[in-house]
Amino acid sequence: MTKARDIMTGGTECIGADETVLDAARKMKDLGVGALPICGTDNKLKGMLTDRDIVVKVLGAGKDPATCTAGELAQGEAVTIGADDDAQEILRTMTEHKVRRLPVIDGHDLVGMVAQADVARSLPEPQVGDLLQALSTD
């Protein structure tokens with residue numbers, strides 16, 4: 001049975017909750033990613049920051065990305081998946097919470113990220129279609 005740790009991308013980097021959104025945008029550019037986990041000074045996951053969040057919640061709202069912090073955009077508890085959870089649990093969690101990326105947690109440590117594309121490569125086509133449909137509807 002395929003587990004999250006088998007399909008995740010390891011070495012996921014965080015953006016600190018006290019770092020600016022501008023720093024986050026630069027980090028996303030340098031890493032070639034569209035989302036970063038937000039980690040607090042206690043090294044615990046505080047949320048996720050996406051490139052869309054930057055455009056809509058910062059730029060679109062007229063906020064200054066050089067002064068707005070990533071932590072200001074963290075909303076509630078982050079949706080995560082356990083490193084030993086199977087692909088079906090990943091599918092269920094993504095569908096239920098309508099998220100395209102899940103931070104992978106082993107105990108209390110962030111160990112990687114599972115994206116929609118990772119799941120698509122590990123599940124049969126009908127299930128991938130169901131996921132895509134669920135994430136594409138409002």
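We use all heavy atoms of the structure for the numbers below, so side chains are in, but hydrogens, waters and symmetry mates are not. The residues of the chain are indexed from 1 along the displayed sequence.
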Asp30: partners by side chain to side chain donor-acceptor pair (under 3.5 Å), with sequence neighbours left out: none
Are the side chains of Leu45 and Ile38 in contact, using a 4.5 Å heavy-atom criterion? no
Identify every side-chain donor-acceptor pair in residues 6-20 under 3.5 Å, counting partners at least two apart or on other chains, and give the distances.
{"from": "Asp6", "atom 1": "OD2", "to": "Lys3", "atom 2": "N", "distance (Å)": "2.9"}
{"from": "Thr12", "atom 1": "OG1", "to": "Thr9", "atom 2": "O", "distance (Å)": "3.4"}
{"from": "Thr12", "atom 1": "OG1", "to": "Met113", "atom 2": "N", "distance (Å)": "3.2"}
{"from": "Glu19", "atom 1": "OE2", "to": "Gly16", "atom 2": "N", "distance (Å)": "2.7"}
{"from": "Thr20", "atom 1": "OG1", "to": "Leu22", "atom 2": "N", "distance (Å)": "3.4"}
{"from": "Thr20", "atom 1": "OG1", "to": "Asp23", "atom 2": "N", "distance (Å)": "3.0"}
{"from": "Thr20", "atom 1": "OG1", "to": "Asp23", "atom 2": "OD2", "distance (Å)": "3.1"}

What one should report as the nearest heavy-atom pair of Pro65 and Leu59 is CG-CD2, 4.0 Å
Determine, using the 4.5 Å side-chain heavy-atom cutoff (strictly less than), whether Leu31 and Met28 are members of one ILVMFWY cluster. yes
Report the C-alpha separation of Glu72 and Thr69 in whole Å, then their side-chain angles, then the decisive distance to 0.1 Å, and conclude whether the side chain to side chain donor-acceptor pair (under 3.5 Å) test is met. CA-CA 5 Å; Glu72 291 174 49; Thr69 65; 3.3 Å; yes
To the nearest 0.5 Å, tell me how far Asp118 CG sits from Gln116 CD. 10.0 Å
Quick one: does any side-chain atom of Asp86 pair with a main-chain N or O of Glu89 as donor and acceptor, under 3.5 Å? yes
Is it true that Val33 and Val111 fall in one hydrophobic cluster, defined by side-chain heavy atoms closer than 4.5 Å? no
Please name all residues satisfying side chain to side chain donor-acceptor pair (under 3.5 Å) with Asp84, sequence neighbours left out, ordered by chain then number. Arg5
Closest non-hydrogen atom pair, Leu49 against Ala70: CD2-CB, 4.2 Å
For the residue pair Met94 and Ala115, what are the closest heavy atoms and their distance? CE-C, 3.7 Å
same_hphob_cluster(Val114, Val99) at 4.5 Å side-chain heavy-atom cutoff: yes
Work out which heavy atom in Ala24 is nearest to a heavy atom in Leu36; give both atom names and the distance. O-CD1, 3.7 Å
Once side chain to side chain donor-acceptor pair (under 3.5 Å) is applied, do any residues pair with Arg26, and if so which ones, sequence neighbours excluded? none
Scan for salt bridge (charged side-chain N to carboxylate O under 4.0 Å, His left out) pairs involving residues 52-70, sequence neighbours excluded, and state none if there are none. Asp53-Lys57
